[in-house]
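Notes to accompany the following structure.
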Protein chains: 2
Amino acid sequence: MAKKFPIANQVRALREHKGNITQTELGEAVGVTRQTIAAIEQRRYSPSLETAFRIALFFQVGIEDVFNWDE
Amino acid sequence: MAKKFPIANQVRALREHKGNITQTELGEAVGVTRQTIAAIEQRRYSPSLETAFRIALFFQVGIEDVFNWDE
DNA sequence: CTAACATGTTAAAAATATTTGACATGAGTG
DNA sequence: CACTCATGTCAAATATTTTTAACATGTTAG
């Protein structure tokens, strides 16, 4: 079970670099709960493309600056 | 309901440009059904980030060459 | 110390994506 | 015409994501 999904991400690093945004704050900003942010950071599942886009938009970077293929 | 999701995509154009790939062929190549490809092309829902990545990889372009924000 | 956060984690429910199995149409071919 | 193929669509089932509501830990501020 629990096979980790094949896309790495920089969410935690971006949160920290962009002035210590909290999981809760990021979640509120992009419209998901903090548990969802935590699950994404831990690569527990593949978020929707829409959520991924919203996170990238929040940090004002491209999607591929947040998520990258990593099989 | 049925509000269209806010990300446009170039899947159909890419299929046609890349030598008339069929929805069925693309689906098989990326591991989803042809109905899923059809739904994505028609913007009926937000695919998973993983499916989006696999489509971009298939066409050998970046994710943002396939999907773009469009609220 | 105590109170307030930030994060981890989990189980159950709700929402959404995806599959499966149909049936329909139009285009093209023999 | 009859046939195949590409696509649209739909309903029901299944899978996956996301929410909600807890409880736990470590850290920091007063």
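The chains referred to below are lettered A, B, ... by the order of the sequence lines, with proteins before strands, and numbering in each begins at 1.
- Across the protein-nucleic acid pair, A:E28 atom CD and D:dT20 atom P stand 12 Å apart, rounded to whole Å.
- Ranking D:dT18, D:dC10, D:dT7 by closeness to the B:Q35 side chain, first place goes to D:dC10.
- Put simply, the side chain of A:N9 gets close to the backbone of A:I40: a donor and an acceptor are under 3.5 Å apart.
- For the pair B:I40 CD1 and D:dT7 P, the computed distance is 14 Å after rounding to whole Å.
- The shortest side-chain heavy-atom distance between A:L49 and B:F53 does not fall under the 4.5 Å cut-off.
- Within the 4.5 Å cutoff, no side-chain heavy atoms of B:R43 are placed close to those of B:I7.
- Using a 4.0 Å heavy-atom distance criterion, B:G27 is classed as making no nucleic acid contact.
- Atom pair A:R34:CZ and D:dT17:P shows a separation of 20 Å (rounding to whole Å applied).
- Counting any heavy atom pair closer than 4.0 Å across all strands shown, B:T22 reaches sugar-phosphate atoms only and no base atom.
- Counting to the nearest Å, the C1' atom of D:dT18 and the CD atom of A:E41 are 16 Å from each other.
- Protein chain A contacts DNA chain C from C:dA6 to C:dT10, reading 5' to 3' and using non-hydrogen atoms of the protein with a distance under 4.0 Å.
- Residue whose closest nucleotide on DNA chain C sits further toward the 5' end, between A:E50 and A:Q42: A:Q42.
- The pair B:R15-B:E41 meets the salt-bridge criterion, with a side-chain N (NZ, NE, NH1 or NH2) lying under 4.0 Å from an Asp/Glu carboxylate O.
- Within the 4.0 Å cut-off from OP1 or OP2 of D:dT18, at least one side-chain nitrogen or oxygen of A:T51 is found.
- Residues B:R12 and A:T33 each lie close to DNA chain D; by heavy-atom proximity, the contact nearer the 5' end of the strand is made by B:R12.
- Ion pairing between a basic and an acidic side chain is recognised when a charged N comes within 4.0 Å of a carboxylate O; B:R34 and B:E28 show no such pairing.
- Applying the 6.0 Å contact sphere to CD of B:Q60 captures no more than 12 heavy atoms from other residues, nucleotides or ligands.
- The separation between A:F5 atom CZ and D:dT17 atom C1' is 11 Å, rounded to whole Å.
- Rounded to a whole Å, the CG atom of B:N20 is 16 Å from the P atom of D:dC5.
- No donor-acceptor distance shorter than 3.5 angstrom exists from the side chain of A:T22 to the backbone of A:E25, with no hydrogens or angles considered.
- Atom pair A:I7:CD1 and D:dT17:C1' shows a separation of 14 Å (rounding to whole Å applied).
- At D:dC10, none of the side-chain N or O atoms of B:R44 fall inside 4.0 Å of OP1 or OP2 (strictly under the cut-off).
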